[in-house]
Amino acid sequence: MQITDRVTELKGVGPKKAEALARLKIRTIEDFLSFYPRDYEDRRNRKRISDLREGEAALICGKILSMAKGRGFGKKRTLRISAGDGSGTLEIIFFGAAYLEKTLSKEAEYEFFGKVTSRGGRLQMVHPDFRRKAENEKTGQAAGILPVYPLTEGISQSEMRKWMEQARCYKDLLNDYVPEEIRERNRLCGLSYAVGQVHFPEDGQKLRQGRFRLIFDEFFLLQLGLLSAREASEKCKDGIAFDPRVSMEEFYRSLPFPLTAAQKRVTEEIEKDMESGKPMNRLVQGDVGSGKTAVAAGAIYKAVCSGYQAVMMAPTELLARQHFESLSVQFAPFAIRVGFLSGGLGQKARRLLLEDLAAGRIDLLIGTHALIQEDVAFSRLGLVITDEQHRFGVNQRALLSQKGKDSVSGVPRMPDVLVMTATPIPRTLAFVLYGDLDVSVIDELPPGRKPILTEALDENGRDAAYKQVRRAVSEGRQVYVVAPLIEDSDSLECRSASGIYEEIQKKFPDIRSALLHGAMNQKEKDGIMEAFSRGEIDVLVSTVVIEVGINVPNAALMVIENAERFGLAQLHQLRGRVGRGSAQSRCILLTQSSQELAVQRAELMASTGDGFLIAEKDLEMRGPGEFFGVRQHGLPELKLADICRHRKVLDLAREEAKRILEKDPWLQDSDHALLLLKIKKMFDSADGVCL
Ligand code: ADP
Ligand code: MG
């Protein structure tokens with residue numbers, strides 16, 4: 001019996017169920033034990049029917065007195081049950097589930113657990129959990145706090161619980177990786193105890209104790225991982241000191257515009273980093289349109305003119321190509337040779353490009369994830385830039401910097417690293433999240449930009465929105481229309497890009513429109529995007545593929561359908577696609593929901609263009625779990641821990657992480673071997689995800 005045993009060791013888990021579990025990323029018993037409930041059902045509240053109160057969740061035990069099917073045909077009819085326990089009767093309703101009539105038996109006793117609601121003054125339970133009471137069973141046996149797990153197709157809640165009961169027998173095999181001293185100082189319970197309580201809590205107090213421990217662990221590992229990466233790069237003396245005689249200023253003089261004060265400040269910070277012998281590790285945060293590319297270009301200029309190569313990675317082909325095109329032009333006067341590498345490149349072209357790169361005949365290589373591949377070798381890599389950092393994992397960034405180490409000629413050195421993101425992170429939290437990076441902020445937009453006028457409309461506003469589309473096009477402007485889905489869907493009530501595209505073609509046969517979405521192949525996407533940026537398409541209907549970095553200054557109107565389905569930060573990014581030129585730009589948020597939260601969100605978007613403020617509010621309104629998802633920041637997933645709500649635990653964990661690294665910066669002590677393993681595992685699973 002080992003913690004690494006496959007799940008198939010559990011009774012009732014065959015190959016089919018194992019496959020379903022794998023979809024939940026559960027492969028071993030250990031995975032199982034760290035698959036935490038998303039909620040709990042408190043079944044200790046066992047009540048007589050006469051004592052039930054509206055609004056509470058309770059467990060009752062009653063005999064089925066009658067069953068009746070509602071009107072209609074077939075299995076989809078509603079089943080109404082009357083259950084009684086001597087003290088009274090309760091109505092139990094299963095909508096569209098008349099088939100249950102076959103499962104349930106009249107006159108038999110069942111336990112029902114659910115929320116008590118009332119209709120017409122009568123109490124009822126809708127879709128309660130139920131189970132048949134065994135003949136000789138004593139009342140009260142199943143009462144307790146039961147875990148509620150996230151599920152996937154083919155697995156039921158009761159199966160999960162049954163398997164977890166079995167998996168729980170393994171919990172004592174879990175090695176506690178947190179050193180005892182730290183456990184004592186922070187009054188943490190043992191790991192196996194915590195795991196036991198989180199799955200099957202004995203009471204609320206013990207559950208809190210268990211959760212506290214596991215939340216601490218997640219923060220502790222996260223902070224150790226982030227801080228040790230920083231420690232490692234700070235201790236690394238093998239950085240590159242770029243030539244102080246090469247001035248970024250020379251390059252900036254060649255641009256058609258002067259830098260903003262914020263850009264200037266950030267480029268100075270970068271230049272200082274680059275001239276020092278320590279490897280640079282800097283994050284540049286700047287709202288959409290704040291001019292991050294120009295900042296990156298200065299750094300590239302400095303690296304290349306000091307005799308090194310630079311590489312720039314972007315999350316999408318579209319964006320990479322756009323950088324390639326604009327930087328090729330900007331660097332042409334300086335004879336800086338720019339190459340482009342993407343997955344779509346042909347065999348031969350790719351080979352030639354890589355030869356040139358390895359021989360040092362390319363100074364700047366721009367591309368997508370394709371850059372990380374093993375055979376991409378540089379001759380003197382000195383600078384690594386990742387654009388829209390939040391799309392990449394911590395790991396992918398690290399992999400790219402590794403390329404400096406195995407350079408063919410010269411001494412292996414750590415290249416300088418610059419990461420850029422437009423996802424504003426609330427100032428208070430950036431430090432924690434990017435524990436391994438110095439942070440620069442471009443908090444100013446280039447002059448002459450007019451704020452994007454944003455208005456939120458409900459369903460009835462679509463006609464008004466279409467009028468604006470018409471007007472913008474007749475004024476020679478271009479328009480984006482964004483929808484959450486590609487195709488219409490039966491299960492989701494929201495608009496699809498394909499549907500809207502058809503509608504627009506019908507409504508405006510004279511307007512040149514096109515459809516763009518993630519399921520199209522790269523060539524098609526590129527073709528459409530290029531046509532749009534050449535001005536050959538007036539209205540581009542798309543999914544969120546246009547979210548990142550696209551720059552078409554003539555686009556002055558954006559209509560976002562089902563705006564309630566997007567996060568605030570994402571809306572902000574989308575909106576940033578317009579307002580890039582001199583024309584007054586507009587954004588219309590169409591919302592199908594009249595819920596207060598949706599209205600508040602829309603109002604906020606309409607009232608401000610400040611990405612940082614929006615990020616803070618996003619945090620407050622949506623809850624940090626979503627905001628700080630892996631996707632957004634390339635960080636390992638936190639399962640229980642919540643950066644905002646558990647701020648105090650985070651501080652404790654951070655202190656402990658620092659304390660441990662002070663004594664043992666590389667975690668080489670044998671006492672820390674388990675810890676190191678855990679951190680590796682946590683960060684390995686955080687490979688970046690792309691659209
Ligand atoms: P982002 O920060 O979103 O990546 P970009 O680098 O794409 O922004 O810049 C947006 C636009 O602003 C580009 O067209 C760029 O040429 C222009 N730009 C950048 N800096 C300035 C500046 N200081 N003054 C005027 N225009 C600028
Ligand atoms: Mg950009």
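These values consider heavy atoms only, across backbone and side chains, with no hydrogens, waters or symmetry-generated copies. Numbering of ligands and ligand atoms starts at 1, following listing order.
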**Report entry** Aromatic plane relationship, Phe508 with Tyr466 - under 30° parallel, 30 to 60° tilted, over 60° perpendicular
**Finding:** perpendicular
Query raised in the report: Could a heavy atom of Gly286 be found less than 4.0 Å from some atom of ligand 1?
Result: no
Query raised in the report: Taking C-beta and beyond as the side chain, do Glu564 and Asn562 meet within less than 4.5 Å on heavy atoms?
Result: yes
Query raised in the report: So do Asp443 and Arg265 actually touch side chain to side chain, heavy atoms under 4.5 Å?
Result: yes
Query - Atom indices of ligand 1, in the order listed, that fall short of 4.0 Å to a heavy atom of Thr293 - result: 4 (O), 5 (P), 6 (O), 7 (O)
Query raised in the report: What are the atoms of ligand 1, with element, lying closer than 4.0 Å to any heavy atom of Thr260?
Result: 23 (N)
Query raised in the report: In terms of side-chain heavy atoms, does Tyr301 have a donor or acceptor partner in Glu250 at a distance below 3.5 Å?
Result: yes
Query - Residue Gly291 vicinity, atoms of ligand 1 by number, heavy atom under 4.0 Å - result: 1 (P), 2 (O), 5 (P), 6 (O), 8 (O), 9 (O), 19 (C)
**Report entry** Heavy-atom nearest option to atom 23 (N) of ligand 1, drawn from Lys264, Gln263, Glu444
**Finding:** Gln263
**Report entry** 4.0 Å heavy-atom contact, Asp287 with ligand 1
**Finding:** yes
Query raised in the report: Is the distance between the ring centroids of Phe378 and Tyr308 less than 6.0 Å?
Result: no
Report task. Would you mind reporting whether Val544 and Phe566 have side-chain heavy atoms less than 4.5 Å apart? Result -> yes
Query raised in the report: Counting from 1, what ligand 1 atoms have a heavy atom of Leu259 closer than 4.0 Å?
Result: 23 (N)
Query raised in the report: Any idea which atoms of ligand 1 are less than 4.0 Å away from a heavy-atom of Pro258?
Result: 22 (C), 23 (N), 24 (N)
Report summary line: So the atoms of ligand 1 within less than 4.0 Å of a heavy atom of Arg580 turn out to be 3 (O), 7 (O), 10 (C)
Query raised in the report: Judging by distance only, is a nitrogen or oxygen of Gly289 under 3.5 angstrom from one on ligand 1?
Result: yes
Query raised in the report: With side chains defined as the heavy atoms from C-beta onward, is the minimum distance between Ile385 and Leu383 less than 4.5 Å?
Result: yes
